[in-house]
Amino acid sequence: MTQTKSRNLPRIARRLGGLAYELTPQLFAVASFLLGALILLSAVTPEFNDRLHALGRWAEPMIIDLSHFAASITGFLLLFISAGLWRRRRGAYYAALLALIGGALFSILKGLNFLQAFELLVVAALLWPCRPAFNRRSRLGEPLRPGWLLMLVAAVIAMIWLGFFAYREIPYQDELWWAFLTDSQASGFLRAVVVLSILTLVVAFRSLLSAPGARSHGPAKPAEVERARQALKTAEVASPEARLALLGDKALLFSPSGQSFLAYRVRGRRWIAMSEPAGLVSERLELLWSFAEMADSYGGSPVFYSVSETLLADLATLGLAVRKVGEAAVVPTHCFSTEGKGKQNLRTAVNRAERSGSQFSVLQPGESRAIADELRAISDAWLEHHEGSEKEFSLGRFDIDYLNECPVAIVREEGRLIAFSNLLMRAGNKEAMIDLMRYTPDGPHGVMDYMFTRIAQWCRETGIDHLDLGMAPLSGLEDRRTSPVFARVGALIFEEANAIYGFQGLRAYKSKFGPNWRPKFIAASTTTPLPLALLDVALLTSKGWLGLLGLKK
């Protein structure tokens with residue numbers, strides 16, 4: 001027993017040491033921030049006169065004043081660099097070493113502050129062997145997260161206030177801006193205030209207005225889209241929404257094997273993945289981790305939108321908060337029928353359409369291009385009638401190359417095309433999802449009921465077990481006393497905001513096809529406001545505020 005414990009002790013010590021090593025970047029980030037604040041405090045307050053007189057015997061006033069100025073900039077840089085150290089940036093590691101050594105030199109040259117210089121050099125010496133802990137690539141001028149930005153601004157403002165308090169007895173003179181005198185330290189303070197204020201404003205504006213990684217993670221290139229197409233052919237798991245990647249409007253993250261991928265977009269600080277990873281089951285969790293770590297390496301937060309129950313365990317492993325955002329209407333085609341009292345409306349729609357000469361058929365992948373002009377005419381007429389524009393991200397758009405990849409259900413009336421809908425297929429072709437739903441405004445009443453009914457019957461006949469009619473947003477959320485605020489507000493909007501968007505009407509329409517309601521979720525880090533994440537999804541789908549407000553055509 002004793003021998004077993006003695007053998008386990010080194011292993012436990014190594015694991016504890018590894019955990020401590022993981023905290024190294026955070027420890028040095030805190031040290032960098034505190035030392036930066038200390039240097040700024042020293043730079044904005046008067047030095048000891050005896051030290052200045054001793055320094056003035058061998059150093060020119062210009063050197064002393066410039067060192068004072070450089071020390072204030074070095075202090076600011078240490079505040080700024082601390083965020084990069086926290087995120088394990090390689091560039092922040094090297095910049096911190098230079099700033100610490102430079103700060104020690106300037107601390108001596110501006111006022112013989114040997115104690116401060118010693119503290120800076122000690123931290124630099126401790127940081128030097130920890131290079132392997134900073135293993136993330138650098139981002140030049142990376143914007144700060146809100147928390148770090150707030151701390152930096154607060155520290156600078158506090159130091160400037162202390163400086164004005166320390167020099168409150170000195171009357172203002174224009175000569176202070178250009179005077180370089182050892183007995184007029186207020187001059188150096190004023191110049192430092194201007195530079196610190198400018199640097200803080202630059203960092204703040206860049207941090208607030210920049211989208212970390214958005215430019216370098218734009219739409220997928222044609223070669224990446226083709227790579228995703230090949231991965232879908234051999235995928236073990238792939239939700240129907242995975243085929244939205246073929247539109248090329250999202251960035252794609254591939255597994256090392258290239259057999260799995262995840263589609264996403266960057267908006268602000270949120271990296272939003274559309275649905276679930278497609279590809280091999282064995283690569284799914286690792287791909288989720290890779291996406292979360294990539295978002296974090298850019299200073300962003302991962303968000304997973306429109307995910308199903310099958311992914312919840314993996315998302316919990318990532319430590320993400322999960323909330324329900326709606327329910328998808330999934331029709332089990334093997335038991336779908338137009339018989340019975342509850343299906344009277346569907347029978348009526350089918351009978352009326354066929355009496356008027358309507359005919360239903362499904363174009364197989366590769367056959368849509370032959371009627372591209374007819375399909376486009378229907379789509380354009382539908383968009384004009386609804387005074388809308390094409391969507392993206394979470395919805396498909398009219399693109400003949402994209403439609404040509406899918407089965408496309410069409411309805412003709414006496415030979416004239418009056419409606420169509422493309423179908424997105426799950427891996428294994430056991431589930432189809434309706435994507436675009438377009439019809440001519442002057443078509444017969446109930447044409448969509450007819451088309452959806454025939455699609456469900458076609459799925460049953462061809463061995464497709466389920467037909468996904470799409471999500472009813474905010475459906476299934478409950479306003480109970482102990483429910484999360486997110487769910488209670490969502491339930492309120494679902495029940496009371498039909499004038500803005502027909503939430504209840506959409507669910508009621510899909511209900512007449514007898515679906516099972518499958519919950520859909522959004523997942524994000526606990527620090528991410530989920531309502532804002534949902535707003536970002538809406539803005540991505542509508543292509544900005546104008547589209548969301550219905551002002552863009």
Side-chain angles (χ1 to χ4, degrees), residues 220 222-223 225-235 238-249 263 278 331 333 336 349-350 353-354 356-383 390-392 395-444 447-470:
V225 173
E226 179 58 31
R227 191 179 180 190
R229 182 180 291 108
Q230 297 304 317
L232 286 170
K233 292 179 179 178
T234 59
S239 65
E241 294 102 316
R243 294 194 173 273
L244 294 173
L246 303 182
L247 281 166
D249 62 345
V331 178
T333 60
F336 176 78
V350 171
E354 293 187 342
S356 66
S358 295
Q359 293 180 322
F360 171 84
S361 62
V362 176
L363 303 176
Q364 295 303 312
E367 297 179 350
S368 298
R369 196 179 299 278
I371 61 168
D373 293 340
E374 290 182 277
L375 294 171
R376 180 173 292 280
I378 295 293
S379 179
D380 291 345
W382 187 87
L383 289 172
E390 292 285 12
K391 306 300 184 182
E392 57 182 29
L395 298 173
R397 67 171 187 271
F398 186 88
D399 181 316
I400 193 59
D401 293 331
Y402 168 66
L403 295 180
N404 208 44
E405 301 270 356
C406 316
V408 176
I410 63 172
V411 176
R412 292 186 181 274
E413 186 179 59
E414 297 181 352
R416 182 174 71 102
L417 187 66
I418 60 173
F420 75 89
S421 178
N422 68 306
L423 304 176
L424 304 179
M425 309 302 293
R426 181 181 288 275
N429 290 338
K430 289 299 182 180
E431 181 176 325
M433 176 181 176
I434 291 177
D435 183 18
L436 295 185
M437 299 171 285
R438 304 284 163 91
Y439 58 90
T440 182
D442 60 354
V447 65
M448 298 307 288
D449 286 357
Y450 169 69
M451 184 167 68
F452 288 173
T453 300
R454 288 305 192 205
I455 290 175
Q457 294 171 338
W458 174 83
C459 288
R460 183 184 61 204
E461 294 165 2
T462 54
I464 297 173
D465 297 331
H466 297 91
L467 174 62
D468 188 341
L469 301 178

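The model shown is predicted, which means the values in this text are computed figures rather than measured ones.
Contact annotation: the side chain of P407 approaches that of P365 to within less than 4.5 Å [non-hydrogen atoms, C-beta and beyond].
The 12-atom threshold is exceeded at CD of E226, counting heavy atoms of other residues, nucleotides or ligands nearer than 6.0 Å.
The structure places CG of L363 at 11.5 Å from SG of C406, a figure rounded to the nearest 0.5 Å.
For F420, the ring-ring contact (aromatic ring centres under 6.0 Å, His included) criterion is met by no residue, not counting sequence neighbours. In this view, Q364 and V362, E367, W458 satisfy the side-chain contact (heavy atoms from CB on, under 4.5 Å) rule, not counting sequence neighbours. With sequence neighbours excluded, the residues satisfying side-chain contact (heavy atoms from CB on, under 4.5 Å) with V350 are E354, Y450, T453, R454. The side-chain contact (heavy atoms from CB on, under 4.5 Å) check on R369 picks up I400, D401, N404, with sequence neighbours excluded. Scored by the side-chain contact (heavy atoms from CB on, under 4.5 Å) test, A278 finds L232, A238, A242, F261 as partners (sequence neighbours excluded). With sequence neighbours excluded, the residues forming a side chain to side chain donor-acceptor pair (under 3.5 Å) with T440 are D442, listed by chain and number.
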Show me the side-chain donor-acceptor pairs of residues 423-436 shorter than 3.5 Å, one per line, residues at least two apart or across chains.
residue, atom, partner, partner atom, Å
R426, NE, E431, OE1, 3.2
E431, OE1, R518, NH1, 3.4
E431, OE1, R518, NH2, 3.4
E431, OE2, R518, NH1, 3.1
D435, OD1, G396, N, 3.2
D435, OD2, Y402, OH, 2.5
D435, OD2, N422, ND2, 3.2

Which donor-acceptor pairs under 3.5 Å do side chains of residues 370-382 form with protein atoms, sequence neighbours excluded?
residue, atom, partner, partner atom, Å
E374, OE1, R412, NH2, 3.3
E374, OE2, R412, NH1, 3.1
S379, OG, R438, NH1, 2.5

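Every pair tested for salt bridge (Lys or Arg N to Asp or Glu O under 4.0 Å) that includes a residue from residues 455-464 fails, sequence neighbours excluded, so the list is empty.
Judged by distance alone, with hydrogens and angles left aside, the side-chain atoms of Q359 form no donor-acceptor pair with the main-chain N or O of V411 at under 3.5 Å.
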